[in-house]
There are 2 protein chains.
Amino acid sequence: MADVAQLSTSLRRGTLEFCVLAMVETEDRYGNEIVRRFGDEPSLAASEGTIYPLLSRLRRAGWLDSKWAESPAGPPRRYYALTLSGRAALEHFRTEWVSFRQTVDRLVGTGEVA
Amino acid sequence: MADVAQLSTSLRRGTLEFCVLAMVETEDRYGNEIVRRFGDEPSLAASEGTIYPLLSRLRRAGWLDSKWAESPAGPPRRYYALTLSGRAALEHFRTEWVSFRQTVDRLVGTGEVA
DNA sequence: TGGACCTACCTTGCGTCGCAAGGTACTGTG
DNA sequence: CACAGTACCTTGCGACGCAAGGTAGGTCCA
């Protein structure tokens with residue numbers, strides 16, 4: 001059960017993968033970079049153990065493409081880019097997200113006036 | 001992997017339980033009633049196999065209380081009510097949800113202008 | 001040269017959850 | 001008495017988050 005401390009853990013579910021897609025939409029990025037960027041988002045913080053398997057799944061699903069490139073200092077990096085079907089999936093999520101968000105707002109309320 | 005058909009399945013994760021809490025916030029409700037009400041929400045549809053175990057978890061977590069009552073026609077119903085700590089959890093979710101929602105809007109965009 | 005450290009990748013194991021399918025039982029109707 | 005409707009719950013499977021553990025390339029400095 002999601003006690004209060006783990007609340008945001010399961011909130012991320014189903015959203016994180018599309019945040020990743022959005023993150024590589026305009027620019028190729030590599031795994032560790034993505035992990036660090038999510039670390040800056042308090043509502044979305046996710047560790048290596050979450051991001052790397054997620055990137056593999058997105059690659060297998062054909063939504064991401066990857067190519068190796070050398071690092072200016074350190075081991076080589078695997079850069080990810082959005083594929084055509086990845087872009088389509090992201091677009092589809094955007095519309096799905098809007099209606100989902102509205103439904104939740106309506107059902108649980110946000111403290112604002114209805 | 002969440003293909004497009006299962007997209008909303010995992011979106012629900014982490015949200016559904018609080019929609020349930022919100023649903024019994026102002027009025028006691030029983031399981032089948034909750035299932036039917038979610039059936040009317042296209043973004044949240046969830047079946048018995050999801051709702052009943054969820055209700056049990058919420059009860060074990062101390063967020064819901066239940067009492068049996070006879071039905072005007074049919075087998076007895078188990079009515080659920082929000083406990084004090086359930087109410088606190090729901091309030092906590094409401095603030096968490098608002099910031100989560102904003103983060104996702106910002107990261108994936110919604111098609112609206114930034 | 002060699003040790004310490006950083007960066008970068010990935011896997012293993014555990015626990016949780018959604019959900020289709022299957023199961024039990026009470027009630028009213030023909 | 002059979003049947004259909006209502007209402008509850010469980011089982012088994014697959015997917016996922018994530019802490020922890022593992023490998024390896026690169027730089028720095030003594």
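Just so you know, these numbers come straight off a predicted model, no measurement behind them. Residue numbers start from 1 in every chain, and the chains themselves are labelled A, B, ... in the order their sequence lines are given, proteins ahead of strands.
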Among [options], which is the nearest nucleotide to the side chain of [X]?
| X | options | answer |
| --- | --- | --- |
| B:R36 | D:dC9, C:dC9, D:dA7 | D:dA7 |
| B:R59 | D:dG17, D:dC9, C:dC9 | D:dC9 |
| B:P53 | C:dC10, D:dT10, C:dT16 | D:dT10 |

Quickly work out the [X] [atom1] to [N] [atom2] distance and round it to whole Å.
| X | N | atom1 | atom2 | value |
| --- | --- | --- | --- | --- |
| A:E17 | D:dC18 | CD | C1' | 16 Å |
| A:R77 | C:dC6 | CZ | P | 17 Å |
| B:L54 | D:dC8 | CG | C1' | 15 Å |
| B:L44 | C:dC19 | CG | P | 10 Å |
| B:L16 | C:dT16 | CG | P | 18 Å |
| A:L64 | C:dC9 | CG | P | 13 Å |
| B:L58 | D:dC9 | CG | P | 13 Å |
| B:W68 | D:dC8 | CH2 | P | 6 Å |

side-chain N/O [X] vs [N] OP1/OP2, d < 4.0 Å:
| X | N | value |
| --- | --- | --- |
| B:R13 | C:dG18 | no |
| A:S47 | D:dA19 | yes |
| A:R12 | D:dC18 | yes |
| B:Y52 | D:dC8 | yes |
| B:R78 | D:dA7 | no |
| B:R57 | C:dC17 | yes |

Notebook entry, point to check: Restricting to pairs with a member in residues 40-50 of chain B, which pass salt bridge (charged side-chain N to carboxylate O under 4.0 Å, His left out), not counting sequence neighbours?
Noted result: A:R106-B:E41
Checklist line | Where at least one partner belongs to residues 62-86 of chain B, residue pairs that pass salt bridge (charged side-chain N to carboxylate O under 4.0 Å, His left out), sequence neighbours excluded | finding: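 Sorted pair list: B:D28-B:K67.
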Next item on the list: Could you list the residues that satisfy side-chain hydrogen bond (donor to acceptor under 3.5 Å, both in side chains) with A:Q102, not counting sequence neighbours?
Entry: none
Check: Looking at residues 28-35 of chain A, who's got a heavy atom less than 4.0 Å off DNA chain C?
Finding: A:Y30, A:G31, A:N32
Note to self: Using the salt bridge (charged side-chain N to carboxylate O under 4.0 Å, His left out) criterion, which residues pair with B:E91? Sequence neighbours excluded.
What the structure shows: B:R94
Next item on the list: Using the test salt bridge (charged side-chain N to carboxylate O under 4.0 Å, His left out), find all partners of A:R87 that sit at least two apart in sequence or belong to another chain.
Entry: A:E25
Next item on the list: Give a yes or no answer on whether the side chain of B:T103 reaches the backbone of A:S43 with a donor-acceptor pair at less than 3.5 Å.
Entry: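 It does not hold such a pair.
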Notebook entry, point to check: In Å, rounded to the nearest 0.5 Å, how long is the span from CG of B:L11 to OG of A:S99?
Noted result: 9.0 Å
Note to self: Please list all pairs meeting ring pair (Phe, Tyr, Trp, His ring centres under 6.0 Å) that have one or both residues in residues 21-41 of chain B, counting only residues at least two apart or in different chains.
What the structure shows: B:Y30-B:Y79
Item checked: Plane angle bin for B:F100 and A:W97 - parallel if under 30°, tilted between 30 and 60°, otherwise perpendicular ->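 Answer is perpendicular, since the angle exceeds 60°.
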Check: Taking for each residue the nucleotide of DNA chain D with the nearest heavy atom, is it B:T50 or A:A45 whose nucleotide lies nearer the 5' end?
Finding: B:T50
Next item on the list: Supply the members, apart from A:L84, of the Ile/Leu/Val/Met/Phe/Trp/Tyr cluster built from side-chain contacts under 4.5 Å; use none for a lone residue.
Entry: none
Notebook entry, point to check: What string of B, S and - do you get for nucleotides 22-30 of chain C, 5' to 3', when a contact is any protein heavy atom under 4.0 Å?
Noted result: ----BS---
